[in-house]
Amino acid sequence: MLTLSGWVPFTTIDYPNHLSAVVFLQGCPCRCVYCHNKALQNPERVEGSPSWEDFLTFLEKRKKVLDGVVFSGGEPLMQRNLKEAMVQVKKKGFSIGLHTSGVTTKAFEEVLPVADWVGLDIKAPFDKYEKVVGSRFFAEQAFRSLDLLLQSKKPYEVRTTWDPAVLEKGDILSLVRLLSEKGVETFALQEFREVEGHPDVLKEQGKLSYFDDSAFMAQFPSYFKEFIVRRAE
């Protein structure tokens, strides 16, 4: 039914206030410059990877342990049978979380009614999307998905990964203001993790992370009901 890369059997951080498993799905149309798991971009099944049936068998053994299941990627919206799979898991008594970039609005609109919580990645301000993900088209899709999410009144977290090689302080501030104006109440700013072949410009310049600029970071909590800082491990 779904093409899996694998799963994490237990997590307390990927779905707020839920003990969850996270299932990772193959395929992603984005080509983010800071992507740390490019193997998931390929939509084809990798030899030796588990099947959807394997995951369902695992869930049967965890009904009394787990509260929820998070569908992540890659980009879950690339999977044709995502909604059917989410419904199947929900019928087993699990709450449904979804991690997505929202870059396929039609697919997002289809699965949104089934999701109980959504973590939506907004990659950049509108005019910087192409620089970050490789396509300007994805900006329109992602912001449409954001509007749908806010209209749905579903619990959510909007998050942005900040890579200083492609987004400057002014870009982040512009995005924060835009999200606040749209009515976003929960926002997480994430520090990018260094990946091979992609420059960490701050390290090259011998500078501290922008996240260590307390005066700059102090601006953001006032824009949201909940502002989260997520540092790289």
Supply the atom-to-atom distance [X] [atom1] to [Y] [atom2], rounded to the nearest 0.5 angstrom.
X: Met217; Y: Tyr210; atom1: CE; atom2: OH; value: 12.5 Å
X: Thr186; Y: Arg159; atom1: OG1; atom2: CZ; value: 11.0 Å
X: Phe58; Y: Lys61; atom1: CZ; atom2: NZ; value: 9.5 Å
X: Phe187; Y: Thr160; atom1: CZ; atom2: OG1; value: 3.5 Å
X: Leu25; Y: Thr3; atom1: CG; atom2: OG1; value: 8.0 Å
X: Phe138; Y: Thr105; atom1: CZ; atom2: OG1; value: 10.5 Å

Would you call [X] and [Y] a side-chain contact if the rule is heavy atoms closer than 4.5 Å?
X: Val103; Y: Leu77; answer: no
X: Trp52; Y: Asn81; answer: no
X: Leu167; Y: Pro125; answer: yes
X: Asp67; Y: Ser95; answer: no
X: Phe55; Y: Leu2; answer: no
X: Trp7; Y: Val69; answer: no
X: Phe143; Y: Leu178; answer: yes

Do you know which two heavy atoms are closest between [X] and [Y], and how far apart they sit?
X: Leu146; Y: Leu120; answer: CA-CD2, 3.6 Å
X: Ser72; Y: Val22; answer: CB-CG1, 3.8 Å
X: Gly6; Y: Pro50; answer: CA-CG, 3.9 Å
X: Tyr129; Y: Ala142; answer: OH-CB, 3.3 Å
X: Asp116; Y: Lys90; answer: OD1-NZ, 3.1 Å
X: Ser5; Y: Gln26; answer: CB-OE1, 3.4 Å

Any link between [X] and [Y] through a network of hydrophobic side chains (Ile, Leu, Val, Met, Phe, Trp, Tyr) touching at under 4.5 Å?
X: Val229; Y: Val176; answer: yes
X: Leu189; Y: Val118; answer: yes
X: Ile228; Y: Leu98; answer: no
X: Phe71; Y: Met78; answer: no

If you count every heavy atom of other residues, nucleotides or ligands that lies below 6.0 Å from [X] atom [atom1], does the total exceed 12?
X: Asn17; atom1: CG; result: no
X: Gln219; atom1: CD; result: yes
X: Gln88; atom1: CD; result: yes
X: Arg136; atom1: CZ; result: no

Pairs flagged by side-chain hydrogen bond (donor to acceptor under 3.5 Å, both in side chains) wherever residues 169-185 is involved - sequence neighbours left out: Lys128-Asp171, Asp147-Lys182, Lys169-Asp213, Arg177-Tyr223
Phe126 vs Glu140, side chain to side chain contact (heavy atoms under 4.5 Å, CB included): CA-CA, chis, key distance, verdict: CA-CA 8 Å; Phe126 200 96; Glu140 182 177 347; 4.2 Å; yes
Non-neighbouring partners of Lys225 that pass salt bridge (charged side-chain N to carboxylate O under 4.0 Å, His left out), sequence neighbours left out: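 Salt bridge (charged side-chain N to carboxylate O under 4.0 Å, His left out) check on Lys225 returns nothing, list empty.
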Short N-O contact, Glu110 and Lys106, less than 4.0 angstrom: no
Arg231 bridged to Asp212 by N-O distance under 4.0 Å: yes
Option among Phe94, Trp117, Phe10 that satisfies the ring pair (Phe, Tyr, Trp, His ring centres under 6.0 Å) test with Tyr15: Trp117
Check: Phe216 ring centre within less than 6.0 Å of Trp162 ring centre: yes
Test log, rule side chain to side chain contact (heavy atoms under 4.5 Å, CB included), inputs Ile172 and Phe220: CA-CA 10 Å; Ile172 295 298; Phe220 300 140; 3.9 Å; yes
His99 side chain to Asp14 backbone, donor-acceptor under 3.5 Å: yes
Trace of the side-chain hydrogen bond (donor to acceptor under 3.5 Å, both in side chains) decision for Thr100 with Glu75: CA-CA 6 Å; Thr100 179; Glu75 173 48 68; 2.8 Å; yes
Trace of the side-chain hydrogen bond (donor to acceptor under 3.5 Å, both in side chains) decision for Asp54 with Ser51: CA-CA 5 Å; Asp54 292 333; Ser51 68; 3.1 Å; yes
Side chain to side chain contact (heavy atoms under 4.5 Å, CB included) evaluation trace for Gln79 with Met1: CA-CA 9 Å; Gln79 300 271 341; Met1 179 180 288; over 6 Å; no
